[in-house]
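Naming: A, B, ... by sequence-line order, numbering from 1 per chain.
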Amino acid sequence: MLIFFYSDAHDSKDGATELLNPDSYNPGKPNYHPIQDATWKKGENVPYMVLAKTLELIEETSSRLKMIEILANYFRSVFLLSPDDLLCSVYLCLNQLAPAYMGIELGVGEGIIIKAIAQATGRATDKVKSDVATKGDVGLVAEASKGTQRTLSIPVSLTVKSVFTKLTEVAVMTGNSSQIKKVDKIHGILVAAKQLESRFITRSLAGKLRIGLAEQSVLQALAFAATATPPNQSTPPTQLNCFAGLSSETIKAKVEASAVILKTAYCQCPSYDQIIPVLLREGVEALPLHCTLTPGVPLKPMLACPTRGVGEVLQKFESTKFTCEWKYDGERAQIHLLENGEIRIYSRNQENNTSKYPDIISRFQSWIEPSASVRSAILDTEAVAWDTDKKQILPFQILSTRKRKDAVEADIKVQVCVYAFDLLYLNGESLVTMPLIERRQRLWNSFHKVDGQFGFATSRDPQTVEEIEEFLDESLKGNCEGLMVKGLVKDATYEIAKRSKNWLKLKKDYLDGIGDTIDAVVIGGYLGRGKRTGLYGGFLLACYDEANEEYQSLCKIGTGFSDEDFQAHSDFLKNHKIPKPKPYFRFDPSLSPDDWFEPVQVWEIKCADLSISPVHRAATGIVDPVKGISLRFPRFIRIRPDKNPENATSSEQIADLYNSQEQVKNKKTDDDEEGFY
DNA sequence: GGTGTCTGCCC
DNA sequence: ATTCTGC
DNA sequence: GCAGAATGGGCAGACACC
C-alpha cells in the first residue's frame, strides 16, 4: 500500500524518486539529459533550489569551460521544460533585475541585509556584522544562520520565478519607512529559503554572486545550450543533444558561431528582455534580425586597455595606421538622436542619463552640420566640466557635483563641454562594422565645433616615440588624463562582441618610474571578503605631519597586492596590532579599520591624482583650512624597508604634490591673472 | 528643516 | 577606476 | 589575453532620525 502510494506520486519515470528531488540536481553530470536529469516536470516552475545547486556547483568549479557547460545544462532543461523561466534565470545568474537603462535599483546594501538576517535569527545586528567580517561573505552568514534557525513549519518551496519576483518587489519599495519594509520582505524570503537557497538569495541582494561566472560566461552558456538543445523546437522535442557523436573541435566551432551571434546581439541591444524571447521563439539565428543597433537603446561601449609605455603602443600597431586622441577626464556620454527628434543620453554602463543633461539636449541640434541633414545618430563622447569664464576644462570632481536626475537647465551651475570621438549610427545605418577612419570622417562631416559646448577629441597621428610623448604632454597641459590610441583601418571596427577593449589608453601614472609615487605608513587593516577572507583585504594609510607630530589618514588601499603580498602583510602586521588608535592618529571615525597597527611600515604607492577629501586628513590646514587631501586610484607598489615611518612622505610634500598638479596650476595661474584686472 | 547614513554610480 | 590570477 | 573578482575616492539621492 505504502509502496503503491510512493510509486504513484512519482509516476512515469522508473527509479525517478530521487531525481525528482531538487536537492539532488546535478547539472555537472556527464552526458546530462535535459529532461531526465532535470528534477522538475515540464510546465512546472523551476524550483529555486535547482538554480541554487547549479550556482553552487559553478562556485566549486575552477575551469571556465566546465562552468559554462554546467550552466548550459541548466539552460537546456529550462528551454525544454520551463521556457517561461529562462528570462528570470538569466537575470538571477547575472544579478540583474532589468536592463540598466530601466533604472531599477534594489536599494539594498549590507546594512539592510544584516538587519534582515538578525531579524530572521533573533540575533543582535552587531553579532551578525562581526560574523560577516569573519566569514567574508553575507551569503555564507545567512546560510549558516539557517542551521540555528527554528523552523515552525515546512517552508513554501521557492521557485526561480518567485525569487525573482520578490527581489523586484524589494526594488520597487520606495518612500517613507521603505527601509523597514525591505527588511521585513527580505526576512520573509530568508525564512522561506533553505540553507543553500539563502546563500545565493542573500548574495543576489548584496549584488555579488561571487561564483566566478558573469556576463560573458552566461552568454557563452546560452550559446552552448542553444546549440546543443535548440530552444525553438516543436513538441515533443527531437533534438535533445545535437553534440552527440561530434568531435570536440566541431562542438567548439558550433558553439563559437552561436556565441558570436548572441554576443553581437547583446552588445548592440543589451536587453535580455528583448533577446530571450527571440532566442526561445526563433533560435539564435534569428537574433540579428530582431536585436539590432537602434537609436534609443544604449549599446555596450568600446573600452581601452592600460598601456605601460609608448613602446607597447608602437608594438601593438607595428606598421598599421593608428591615431591618438586626448583622454578627457569626464563622463562617458553616448548621445542618441532618434528619428522622431528625441534625444537620449546613456552612461558607460547603459544607465539612462537623459535627465542629467538638459543642456546637451537643448544644444544638440545646433551642433549638427546643416549640410549633413542628420536625422538619426549615435555619438560616443565624453562630457567634461567646463569653466565658461576661463574657457578651460575643469576636474572630474567638479563634474560629479552636477545634479543626476531631473536637472533643470536654468539651474545648472556646472557647465559641460562635449568632446565627440566616434559615430556609431547615422541616418538609419549602423556604422559599427566600419573602420574608425570612416566612422570618424562621418562624425567630422556631420557635426561641427561650437566653442565651449561641443568639439571633437583633439587628435593627431604621430609616428615616433618622441611625437607620441610630446602629444601626451600636451594632453596633460590641456587638463586631460593622457591619450587614447586607436587603430584607424585594420581591426578598427566598433564590434564589442569581438573585442571589447580594442583601444589603448596611455596615462602618465601607468609608466614605471613616472607619475606620483608616495611613501605612506600603514596604520590599519580591513578584513577581506570573498577570496581575501582570512586576510586583510585593504589597509588604511597615513602620512606624517611634522608640525603636529601626527599621522594623518591619506587613503585606503586595496589593489596592487599579489596573493603573496596579502599573506606577508597579514603575517607581519598582526604582530603590530594595537587595541586602540594612537592618540596621534588623525582620521574620520567612518574609516575605522578592523585592526589598528603601530606605525612601523612604509609602503610605496602610486596614484593618478590628489584630491581635496571630505574624510581624509592628510595636509589639513595647508591647502584647505579644514579638509585634508586624498588620492585618486591609489595602488600598492612595494614595501619601503629602507624608510622609517617618520621619513615617509610628509603632509607638506602631499600638499606640494597636490599643488603641482596641472589642473591646480592652471586654475591658480588664471586666478592670478584675473587679479591684475 | 537639518543632519547622518546608506546606496548606487561615476571615475 | 587599478590590479592580480586561473585558464 | 580574457573574464572575473578583489579593492580605491567621492559625489547626489533617498531615507531615517531628530
Side-chain angles (χ1 to χ4, degrees), chain A residues 61-68 100 103-115 136 173-182 206-220 303-306 328-333 347-351 353 356 382-383 395-407 414 481 499-501 505 507 509-510 526 528-533 535-541 554-566 589-591 605-616 629-637:
Chain A
T61 303
S62 62
S63 155
R64 179 160 310 287
L65 289 173
K66 187 67 193 162
M67 292 191 260
I68 288 165
I104 298 176
E105 300 160 22
L106 262 179
V108 171
E110 209 166 271
I112 286 180
I113 295 171
I114 284 172
K115 271 188 198 166
M173 290 173 172
T174 53
N176 224 303
S177 66
S178 59
Q179 305 294 91
I180 293 173
K181 288 180 194 156
K182 287 188 189 216
K208 287 183 176 194
L209 228 36
R210 208 130 65 184
I211 56 172
L213 171 147
E215 191 169 275
Q216 290 308 307
S217 302
V218 170
L219 287 162
Q220 200 75 32
L303 303 176
C305 263
Y328 294 85
D329 190 9
E331 180 178 40
R332 196 83 173 252
S347 79
R348 170 194 158 117
N349 298 311
Q350 300 83 51
E351 298 286 335
N353 274 351
K356 179 174 180 176
E382 189 84 2
F396 174 79
Q397 219 176 343
I398 302 290
L399 179 73
S400 69
T401 62
R402 274 177 64 112
K403 216 167 177 306
R404 306 267 166 86
K405 294 177 174 177
D406 306 318
V414 175
E481 290 187 290
R499 177 172 292 168
S500 69
K501 291 187 173 177
K505 51 180 169 181
K507 292 165 63 168
D509 56 294
Y510 295 157
Y526 305 89
R529 307 294 185 89
K531 61 188 178 186
R532 295 186 189 170
T533 303
L535 302 170
Y536 296 116
F539 302 89
L540 181 62
L541 300 185
L554 173 65
C555 65
K556 295 201 286 178
I557 193 159
T559 193
F561 308 98
S562 66
D563 289 357
E564 222 179 324
D565 290 333
F566 279 116
S590 66
L591 296 165
I605 60 172
K606 204 166 216 189
C607 63
D609 295 304
L610 294 88
S611 57
I612 300 293
S613 171
V615 288
H616 284 286
I629 289 171
S630 191
L631 310 182
R632 190 182 189 198
F633 312 144
R635 59 266 201 189
F636 175 82
I637 303 297

OP1, OP2 of D/dA14 versus side-chain N and O of A/S178: anything below 4.0 Å?
no
Should A/K507 and A/D329 be marked as a salt bridge (Lys or Arg N to Asp or Glu O under 4.0 Å) after you check the CA-CA gap, both sets of side-chain angles, and the distance that decides it?
CA-CA 11 Å; A/K507 292 165 63 168; A/D329 190 9; over 6 Å; no
Just to be sure I understand the rule, does A/S500 reach a base, reach only the sugar-phosphate, or reach nothing, if contact means heavy atoms closer than 4.0 Å?
nothing
Rounded distance in Å - CD (A/E331) to P (B/dG8)
18 Å
Between the base of B/dC11 and the side chain of A/R332, is there a donor-acceptor distance below 3.5 Å?
no
Over how many whole Å does the gap from A/E110 atom CD to B/dC6 atom C1' extend?
11 Å
Separation of C/dA1 atom C1' from A/I557 atom CD1, nearest Å, is 13 Å
Within the structure, does a side-chain N or O atom of A/Q216 lie under 4.0 Å from either OP1 or OP2 of D/dG4?
no
Using OP1 and OP2 only, check whether a side-chain N or O of A/N176 sits under 4.0 Å from D/dC15.
no
Using a heavy-atom cut-off of under 4.0 Å over every strand shown, decide if A/K403 touches base, sugar-phosphate, or nothing.
sugar-phosphate
Need one value for A/S590: base, sugar-phosphate or nothing, where a base atom within 4.0 Å counts as base even if backbone is also close, heavy atoms only.
nothing
With a non-hydrogen cut-off below 4.0 angstrom, is A/F561 in contact with a base, only sugar-phosphate, or nothing?
sugar-phosphate
Considering every strand and a 4.0 Å limit on heavy-atom distances, what is the contact class for A/G330: base, sugar-phosphate, or nothing?
sugar-phosphate
Ignoring backbone atoms, establish whether A/R632 has a side-chain N or O less than 4.0 Å from OP1 or OP2 of C/dA1.
no
For A/F636, report the nucleic acid contact type (base, sugar-phosphate, nothing); a contact means any heavy atom under 4.0 Å.
nothing
Could you tell me whether A/I112 contacts a base, only the sugar-phosphate backbone, or nothing, with contacts defined as non-hydrogen atoms closer than 4.0 Å?
sugar-phosphate
With sugar-phosphate meaning primed atoms plus P, OP1 and OP2, does A/R64 contact a base, only sugar-phosphate, or nothing at under 4.0 Å between heavy atoms?
sugar-phosphate
Answer with base, sugar-phosphate or nothing: what part of the nucleic acid does A/K505 contact at a heavy-atom distance below 4.0 Å?
sugar-phosphate
Contact class for A/S400 vs. all strands (heavy atom < 4.0 Å): base, sugar-phosphate, or nothing?
sugar-phosphate
Return no unless some side-chain N or O of A/Y510 is found under 4.0 Å from OP1 or OP2 of C/dT2.
yes
Distance-minimising heavy-atom pair for A/E331 and A/E382:
N-OE2, 3.2 Å
Could you tell me if the side chain of A/R332 sits less than 4.5 Å from the side chain of A/N353, heavy atoms only?
no
Check A/E351 with A/K356, please: is the shortest side-chain N to carboxylate O separation under 4.0 Å?
no
Heavy atoms under 4.0 Å, any strand shown: does A/D609 hit a base, just sugar-phosphate, or nothing?
nothing
Between A/R404 and D/dG13, is there a contact of a side-chain N or O with OP1 or OP2 at under 4.0 Å?
no
Any base atoms under 4.0 Å from A/G107, or only sugar-phosphate, or nothing? Heavy atoms, all strands.
sugar-phosphate
For B/dC10, does either OP1 or OP2 sit under 4.0 Å from a side-chain N or O belonging to A/N353?
yes
N/O (side chain, A/K507) to phosphate O (OP1/OP2, C/dA1) under 4.0 Å:
no
Counting the atoms with a prime plus P, OP1 and OP2 as sugar-phosphate, which does A/K356 contact under 4.0 Å by heavy atoms, base, sugar-phosphate, or nothing?
nothing
Just the rounded figure in Å: distance from P of C/dA1 to CZ of A/F396.
9 Å
Quickly, which of A/F539, A/F561, A/Y536 forms a ring-ring contact (aromatic ring centres under 6.0 Å, His included) with A/F636? Name it, please.
A/F561
Contact under 4.0 Å: A/K405 side-chain N or O vs D/dA14 OP1/OP2:
yes
Send over the distance from A/K501 NZ to C/dA1 P, rounded to a whole Å.
9 Å
Any non-hydrogen side-chain atom of A/C555 less than 4.5 Å from a side-chain atom of A/I605?
yes
Close side-chain approach of A/R632 to A/Q397, heavy-atom, < 4.5 Å:
no
Within the 4.0 Å heavy-atom criterion, would you say A/L213 contacts the bases, only the backbone, or no part of the nucleic acid?
sugar-phosphate
Distance, rounded to the nearest Å, where A/E481 contributes CD and C/dT2 contributes C1':
13 Å
Just the rounded figure in Å: distance from C1' of D/dT7 to NZ of A/K556.
9 Å
Test A/S217 against every option in A/L65, A/I211, A/I68 by the side chain to side chain contact (heavy atoms under 4.5 Å, CB included) rule and name the one that passes.
A/I68
Consider the side chain of A/S62, meaning its heavy atoms from C-beta on, and name the nucleotide among D/dG10, C/dC7, D/dC15 that approaches it most closely.
C/dC7
Starting from the 5' end of DNA chain D, give me the residue, A/P614 or A/S217, whose nearest nucleotide shows up first.
A/S217
Mapping A/G528 and A/S613 to their closest nucleotides on DNA chain D, which lands nearer the 5' end?
A/G528
On a whole-Å scale, what distance lies between the P atoms belonging to C/dC4 and B/dT5?
35 Å
Can you tell which of D/dC11, C/dA1, D/dC15 lies closest to the side chain of A/Q397?
D/dC11
Interatomic distance where CZ belongs to A/R402 and C1' belongs to B/dC10 [whole Å]
13 Å
At less than 3.5 Å, do the side-chain atoms of A/T559 and the base atoms of C/dT2 form a donor-acceptor pair?
yes
Under 4.0 Å between a side-chain N or O of A/S347 and OP1 or OP2 of B/dC9?
no
